[in-house]
Peer 1: 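Input: one structure, supplied below.
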Amino acid sequence: MLVVLGTPHRLRELGKQSPDGRLRECVYGRQVAAGVAAKLQGMGYRVMTDYEPMDLPREMQTPNARLERQRELALRVNFSNDRCRRHGSRNVIYVSIHVNAVGSDGQWHQAGGWSVYVSDKASARSKLLADCLYDAAEAHGLKMRRPVATQKFWEQSLYVLNHTLCPAVLTENLFQDNRADVDFLLSDEGRHAIERLHVEGIIKYIESI
Ligand SMILES: [Zn+2]
């Protein structure tokens, strides 16, 4: 099994940060991905990251923010699908690591908690992977967000989930515009919990298929 970790966004994508600037989603997500990769690799798992640099190469940058974002997402999907074609999509999983937000108005908000997303056309394996991550997050005592009592994952049409050939999920690791969530995310305890829940959820999935 090859684990592909998805990093979130780019430095050039504005607004993806806490109102006080202490947490930037693109930086935090890459730190979590690096920590998760190191821990899994230390246990013998094969792990890759879809895109490590903070920004696209200069020749792919453009003043058109939408176009640049589309280029970023295509690059991520191409990376995963190349591996799927090489190893077989049943032997690859994709876990994109994000931090949620209510808005991009630069204000603190009340909403908080942890959630996991699959595509609205998700496979049974994507849903199983989401359930494994949800259970791992819940075991760390995080405040959980689920759409209804009977379902642990949210279903949404998201580019990297819709177009990736292997089981694919996206985690929203608390809220970057909730003050208590940001304090926790930046604490040693919080960083440890966020890394561990990904490690434990991914292993639980691999061992259960
Ligand atoms: Zn994000």
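We count ligands from 1, going down the list as the structure has it; atoms in each ligand are counted the same way.
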Peer 1: Could I get the full list of side chain to side chain contact (heavy atoms under 4.5 Å, CB included) partners for E207, not counting sequence neighbours?
Peer 2: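 In terms of side chain to side chain contact (heavy atoms under 4.5 Å, CB included), with neighbours along the sequence ignored, E207 is linked to Y45, I203.
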Peer 1: Anything protein N/O/S under 2.8 Å from the Zn ion (ligand 1)? Just list residue and atom, please.
Peer 2: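 Short answer, with waters excluded from the count: H9 NE2, E25 OE2, H98 ND1.
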Peer 1: Show me the pairs that pass salt bridge (charged side-chain N to carboxylate O under 4.0 Å, His left out) and involve residues 132-143, at least two apart or across chains.
Peer 2: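 Listed by first then second residue: D135-K152, D135-K204.
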Peer 1: What are the two closest heavy atoms between D50 and G6, and how far apart are they?
Peer 2: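 For D50 versus G6, the nearest heavy atoms are OD1-CA, 3.2 Å.
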Peer 1: Is a salt bridge present between R22 and D183, judged by a nitrogen-to-oxygen distance below 4.0 Å?
Peer 2: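 D183 and R22: salt-bridged.
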Peer 1: Determine yes or no for a side-chain-to-main-chain donor-acceptor pair under 3.5 angstrom, with R30 supplying the side chain and P53 the backbone.
Peer 2: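 Answer holds: yes.
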Peer 1: Is there any ring pair (Phe, Tyr, Trp, His ring centres under 6.0 Å) pair reaching into residues 67-114, and which pairs are they, with sequence neighbours excluded?
Peer 2: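 The answer is H9-H98.
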